[in-house]
2 protein chains.
Amino acid sequence: MNNVLRMNTLRDSRREPNRAQVACSQCSLGELCLPKDLTDEEKSRFEQIVHRSRPIQAGEHIFRSGDEFKSVASVRTGCFKSYAIDHEGQEQVLGFHLPGEIIGLDAIHQGRHMANVVALDTSAICSLPFNAMTNLARSMPDLQNELFRVMSQRISELETIAGDLSADERIALFLVSLSGRFAKRGYSDKEFILAMSRRDIASYLRLATETVSRVLARFQQRGLIKVDRKQVRILDPDKLEEASRKTVQ
Amino acid sequence: MNNVLRMNTLRDSRREPNRAQVACSQCSLGELCLPKDLTDEEKSRFEQIVHRSRPIQAGEHIFRSGDEFKSVASVRTGCFKSYAIDHEGQEQVLGFHLPGEIIGLDAIHQGRHMANVVALDTSAICSLPFNAMTNLARSMPDLQNELFRVMSQRISELETIAGDLSADERIALFLVSLSGRFAKRGYSDKEFILAMSRRDIASYLRLATETVSRVLARFQQRGLIKVDRKQVRILDPDKLEEASRKTVQ
DNA sequence: CCCGAATACTGATCTATATCAACTACACCT
DNA sequence: AGGTGTAGTTGATATAGATCAGTATTCGGG
């Protein structure tokens, strides 16, 4: 059992100052999480099933492979990675999750989580009980649509990374995608911190860590980016974008 | 506009013999398509929104990239491939679709189909208008669950093929997966026809066509399979299964 | 502030698979 | 039937990126 997703106790949820912070309408994520296009009344019904968790330390897991599927999680702050263990016992990174993104939707058809999900930073999540959510979705068309939309988006994302791309294209695409996701969240799209290690990036992009180092160094030489440890600055977004598209020979 | 998914005309749907064939309860697919766990009354409501198309010739498209998203399709008979065109103008195969499988769910979040879908064989589909389906899903919990389950399954499938596998593993996995899907449909899991070309297989698995030829030849030499043109017979399912798992060194 | 352990970078090889180049065998048309 | 085009196979070579090896940097803990 994982205690991270444990509901706030009744006691907690009655403490009004605390409760207020939980309200989706007050949430700093705005419309990034699910409650898109909902009326105030609908939002309030939605809030009643959402549970905000205590802070999560870097390295702490919120799902483990094999866990019974009960809830999905929405990232409030911080960063998570999800990964599976292959037959060789090697970790395989499946995705990174920023604030506003929903984690755990791939667990539905098995009824169990197949991936492990771990915090890379001090983080916070909201726990969304899936049964309650689908019940609610029945009377709230926009919520149902939003759930379908989020899943469909993940399918598209995976279709991209499954494509046959060169190392340069993969890494450029990764940086461009991160940049866009940060922008959407109100952070700088030109300068950001890579919460994940080179090893994690490599695993996610199906490359060797050495290749990640080399390509980042090469991009820096070519003046596309400036990298210092985990700090990345994008100097030439257009050329980076271009590098993410297949080189026409 | 694509005319394949055009609704049966009212005239057609009133012709009882024809109409009877459309009924999901009579469909040879049984529970492979969506109507799982539905009551007879629910099935009948579902049937009212489903439209069976006329036969589709090999090479005929049922969706084109950019088409407005209105319906998903369920394969009745035959085989389809979906593909995208990359920046180089190269076709990139995204998946193959057998009877009972649902096509087009990745179009939801964009509101447009991003993939092209073409018949590889003489085929038939049912067209499922998505709006009507989600409306229906609201009063039919099992239908809603089924939609989520199908999307979740596609996410898992993509997570697999996105993994970093060797050519041998990819091809073994491809054969094992096909075998399982045929079995589920009541066909032989030991002997089947590859409706798709070597080129399509290669594109789907992100390999060169030459590599596909060579690996199939090697599998035959090792006594795992017998290949003759498009006909495949699986001689040693256990060893093939084993070959699909990463070699432990 | 120092030390050991991660983590990251760089250079030297190796290798799986792509690419290039013939060649073969059907499949389809007239 | 014969001819032509497409799909598949097989061999030779090239190469992107993995692996191996060594060094540098950062970080956490006493």
Side-chain angles (χ1 to χ4, degrees), chain A residues 57-59 81 86 88 90-93 118 120-122 161 163-174 193-222 225-232 243 246-249, chain B residues 57-59 81 86 88 90-93 118 120-122 161 163-174 193-222 225-232 243 246-249:
Chain A
Q57 304 300 323
K81 78 169 174 192
D86 69 19
E88 274 177 274
Q90 293 302 303
E91 184 181 308
Q92 178 104 9
V93 175
V118 63
L120 296 174
D121 254 349
T122 305
I161 103 134
D164 68 334
L165 306 168
S166 70
D168 281 28
E169 286 158 9
R170 275 173 202 276
I171 291 180
L173 208 54
F174 175 68
I193 302 290
L194 301 172
M196 65 296 288
S197 67
R198 299 288 192 268
R199 195 170 194 283
D200 287 339
I201 299 173
S203 170
Y204 176 60
L205 299 175
R206 287 66 166 114
L207 298 171
T209 62
E210 294 93 329
T211 305
V212 174
S213 276
R214 278 188 256 264
V215 174
L216 288 177
R218 216 181 303 142
F219 281 179
Q220 175 157 305
Q221 275 164 32
R222 287 167 52 190
I225 58 173
K226 173 93 181 64
V227 207
D228 177 28
R229 208 73 189 152
K230 293 189 171 300
Q231 179 94 20
V232 175
K246 208 147 207 157
T247 331
V248 182
Q249 58 272 33
Chain B
Q57 304 301 321
K81 78 169 175 193
D86 70 19
E88 274 176 273
Q90 292 303 303
E91 184 180 308
Q92 177 106 8
V93 175
V118 63
L120 296 175
D121 254 348
T122 305
I161 103 135
D164 67 334
L165 305 168
S166 70
D168 282 28
E169 286 157 9
R170 274 173 203 277
I171 291 180
L173 208 54
F174 175 69
I193 302 290
L194 300 173
M196 64 296 290
S197 68
R198 299 289 192 268
R199 195 170 192 283
D200 287 339
I201 298 173
S203 171
Y204 175 60
L205 299 175
R206 287 65 167 118
L207 297 171
T209 62
E210 293 94 328
T211 305
V212 174
S213 273
R214 278 188 256 264
V215 173
L216 287 177
R218 217 182 303 143
F219 281 179
Q220 175 157 304
Q221 275 164 32
R222 287 167 51 191
I225 58 173
K226 174 92 181 63
V227 207
D228 177 28
R229 209 76 187 148
K230 292 190 171 300
Q231 179 95 19
V232 175
K246 209 147 209 158
T247 332
V248 182
Q249 57 272 32

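Chain naming here is simple, since letters A, B, ... match the order of the sequence lines and numbering starts at 1 in each.
The NZ atom of A:Lys226 sits 12.0 Å away from the CG atom of A:Leu216 when rounded to the nearest 0.5 Å. Atom CD1 of B:Ile225 sits about 8.5 Å away from atom CD1 of B:Ile171, to the nearest 0.5 Å. Going from atom CE of B:Met196 over to atom CD1 of B:Ile201 covers 6.0 Å, rounded to the nearest 0.5 Å.
Across all strands, A:Ala167 comes closer than 4.0 Å only to sugar-phosphate atoms, never to a base (heavy-atom distances). Counting any heavy atom pair closer than 4.0 Å across all strands shown, B:Arg218 reaches no nucleic acid atom. Counting any heavy atom pair closer than 4.0 Å across all strands shown, A:Arg170 reaches no nucleic acid atom.
In this structure, B:Gln90 atom CD and C:dT19 atom P are separated by 10 Å, rounded to whole Å. The separation between B:Leu207 atom CG and D:dA16 atom P is 18 Å, rounded to whole Å. Across the protein-nucleic acid pair, B:Asp164 atom CG and C:dT15 atom P stand 18 Å apart, rounded to whole Å. For A:Ile201 and D:dG17, the CD1 to P distance is 17 Å, given to the nearest whole Å.
For the salt bridge (charged side-chain N to carboxylate O under 4.0 Å, His left out) test, no residue two or more places apart in sequence or in another chain qualifies with B:Arg199.
At a threshold of 4.5 Å between non-hydrogen side-chain atoms, the residues B:Asp168 and B:Arg218 count as touching. When side chains are defined from C-beta on, B:Leu120 counts as touching B:Asp200, because their heavy atoms get closer than 4.5 Å.
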Nucleotides 5-15 of chain D: protein proximity per nucleotide (B base, S sugar-phosphate only, - neither; heavy atom, under 4.0 Å): ---SSBBB---
